[in-house]
**Q** 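First, the structure itself, so that you have it in front of you.
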Amino acid sequence: MTKTNKKLTIIQTGSVTAQKKGMKETLIGLGLGKPHSKRELEDTPSVRGMITKVRHLVSIEGELPSNAPKHLVAEKSAKMKKGK
């Protein structure tokens with residue numbers, strides 16, 4: 001049985017200036033570093049945990065899984081209503 005992993009496109013929207021050291025390290029772990037940088041990663045629990053930690057500095061494109069954290073689903077639906 002093959003398991004297909006979904007992909008998430010993560011875009012850094014904020015700067016790490018004046019953030020705690022752990023925030024910068026988490027963004028580097030996600031493959032980001034500068035505002036407006038974009039990365040496509042597999043949807044795994046570890047990636048979702050890192051996204052949760054820096055959720056105020058990133059935005060997510062693409063479809064979120066049904067077991068995604070509620071705040072991520074709320075952010076996505078709010079952006080869709082605004083037409084972004």
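In this text the structure is predicted, and so the values were computed from the model without any measurement.
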**Q** Could you go through Leu8 and Ile51, starting from their C-alpha distance and side-chain angles, then the distance that decides it, and tell me whether this counts as side-chain contact (heavy atoms from CB on, under 4.5 Å)?
**A** CA-CA 10 Å; Leu8 294 174; Ile51 291 170; 4.1 Å; yes
**Q** With distance as the sole test, does Gln12 use its side chain to make a donor-acceptor pair with the main-chain N or O of Gly33 at under 3.5 Å?
**A**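 Yes, because the side chain of Gln12 sits within donor-acceptor range (under 3.5 Å) of the backbone of Gly33.
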**Q** How long is the span from the OG1 atom in Thr9 to the CD1 atom in Ile60, to the nearest 0.5 Å?
**A**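 Between atom OG1 of Thr9 and atom CD1 of Ile60 there are 10.0 Å.
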**Q** To the nearest 0.5 Å, what is the distance between CG on Leu41 and CZ on Arg48?
**A**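 Atom-to-atom, Leu41:CG and Arg48:CZ are 12.5 Å apart.
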**Q** Minimum heavy-atom separation for Pro35 to Gly14, with atom names?
**A**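 Looking at all heavy atoms of both residues, the closest pair is CG-O, 4.0 Å.
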**Q** State, yes or no, whether a side-chain contact exists between Val54 and Leu32 at a heavy-atom distance under 4.5 Å.
**A**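 Answer no - side chains too far apart.
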**Q** Mind running side-chain contact (heavy atoms from CB on, under 4.5 Å) on Val58 and Leu27 for me, showing each step along the way?
**A** CA-CA 9 Å; Val58 298; Leu27 286 172; 3.8 Å; yes
**Q** Could you walk me through whether Glu42 and Lys7 pass the side-chain contact (heavy atoms from CB on, under 4.5 Å) test, one step at a time?
**A** CA-CA 4 Å; Glu42 287 187 29; Lys7 298 278 186 174; 3.7 Å; yes
**Q** With rounding to the nearest 0.5 angstrom, report the NZ to OG1 distance, Lys24 to Thr17.
**A**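 Interatomic distance, Lys24 NZ to Thr17 OG1, rounded to 0.5 Å: 8.0 Å.
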**Q** Return the minimal non-hydrogen interatomic distance between Thr26 and Lys53, and the atom names on each side.
**A**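 Taking every non-hydrogen atom into account, OG1-CD, 3.4 Å.
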**Q** Using 0.5 Å steps for rounding, measure from the OG atom of Ser15 to the CE atom of Met23.
**A**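 Between atom OG of Ser15 and atom CE of Met23 there are 13.0 Å.
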**Q** Please assess Ile11 against Glu61 for the test side-chain contact (heavy atoms from CB on, under 4.5 Å), listing each intermediate value before the final yes or no.
**A** CA-CA 8 Å; Ile11 304 169; Glu61 286 182 353; 3.2 Å; yes
